[in-house]
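This is a predicted model, so every value here is computed, not measured. In the text below, chain A, chain B and the rest are named by the order of the sequence lines, each starting its count at 1.
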Amino acid sequence: MPNVNGTVYINGEIATGFRDLTVVWTNWVNSTQTTATTVSNFTNEVWSTWVSTGTTSTPIFPGNFSYQPVRRTPEEQAAYEAAEAERRAEAERRWEEGRAEREAAAAAREAEQAEANRKARIVLEENLTDEQRKQLADNDWFEVVTPKGTYRIRRGWSGNVDRYVGGRATDRYCIHPSEQVPVDDNRLAQKLLLEADEEAFLRIANRSTPQA
Amino acid sequence: MGEMATLSRHGDVRVIWNPDNKEEVAAAKRSFDDLTKKGHLAFAVRKTGEKGAQIREFDPEAEKIILAPPMRGG
């Protein structure tokens with residue numbers, strides 16, 4: 001409850017100012033004198049206190065709320081149901097009107113993505129050796145050979161690079177661009193970094209063990 | 001002709017320049033510098049697909065340059 005100095009007690013503890021936004025209250029004060037009645041209230045209750053000159057104020061509580069069902073005459077109920085049906089029909093009509101627009105937007109997004117994927121595949125193939133290109137065509141993966149082993153780059157965004165030592169997959173690496181690019185651009189970036197700076201690749205990537 | 005491909009969500013964006021044309025070289029260099037400052041990795045690659053090299057300065061004589069967004073562990 002507030003006092004004339006503006007201190008607020010919430011759940012029995014002093015709070016600075018009115019931090020609890022669930023406590024809403026209004027205190028009108030007279031220019032000559034104010035009085036606030038000490039009351040206990042829960043922070044989720046709304047109450048107002050009117051004060052007048054020289055008298056003790058009494059807070060007005062809304063009391064406990066209870067649900068009261070709406071009572072309608074048969075005619076009123078029929079009118080209500082008719083209005084509801086009309087409202088639902090209008091909402092459905094507006095939804096249908098927007099359907100064509102939504103489907104066109106989705107189709108445009110799909111076409112844009114397909115074009116990006118097509119371009120990325122071209123760039124990837126342009127930057128593979130003949131052997132890597134054949135591996136890609138046959139298996140949808142290609143291999144990069146480095147001093148530390150052979151890395152197989154499979155299709156995927158993350159966890160798609162396995163290192164093979166002695167013909168056995170010993171490590172799995174998860175590394176990808178920090179912004180979304182087509183999956184073949186991801187694979188090209190992985191290849192380029194692996195070839196140019198294997199140490200950096202291994203430092204950046206998260207490593208795990210492939211499942212048997 | 002020099003060629004620089006930047007990998008992006010829309011597929012690659014290509015910049016082409018004639019090494020003998022100063023304006024084209026300057027424009028390509030500006031793109032290169034803007035993206036590498038943002039953390040993009042630059043690789044000078046050969047058209048045969050063989051191992052490329054990471055570069056940090058624009059090379060107008062490079063056969064092909066590929067710029068990739070910064071990489072992070074997944």
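- Contact detail for A:D185 and B:S8: the closest heavy-atom pair is OD2-O, 3.6 Å.
- Smallest separation of non-hydrogen atoms from B:R14 and A:E126: NH2-OE1, 3.1 Å.
- Note that the CG atom of A:L188 and the CG atom of B:D12 stand 9.5 Å from one another [nearest 0.5 Å].
- Using a 4.5 Å cut-off between heavy atoms, B:L41 touches chain A through its side chain atoms alone.
- Within the model, atoms NE2 of A:H176 and CE of B:M71 stand 8.5 Å from one another, a figure rounded to the nearest 0.5 Å.
- The local environment of CD in A:E131 is sparse, with at most 12 non-hydrogen atoms from other residues, nucleotides or ligands closer than 6.0 Å.
- At a threshold of 4.0 Å, the pair A:E115-B:R9 does not count as salt-bridged, since none of the basic side-chain nitrogens sits closer than that to a carboxylate oxygen.
- Per-residue heavy-atom pair counts under 4.5 Å with chain A were compared for B:G11, B:G39, B:G74, and the maximum is reached by B:G74.
- With A:S178 contributing its side chain and B:P70 its backbone, the two residues share a donor-acceptor pair below 3.5 Å.
- Contacts of B:A53 with chain A are made by backbone atoms alone, with heavy-atom separations under 4.5 Å and no side-chain atom involved.
- Counting heavy atoms from C-beta outward, A:E179 and B:H40 have side chains that approach closer than 4.5 Å.
- With rounding to the nearest 0.5 Å, the separation of CG in A:L193 from CD in B:Q54 is 6.5 Å.
- In this structure the side chain of B:P69 reaches within 4.5 angstrom of the side chain of A:V181, judged on heavy atoms.
- B:G52 and A:E195 make their closest contact through N-OE1, 3.9 Å (heavy atoms, listed as atom of the first residue, atom of the second, distance).
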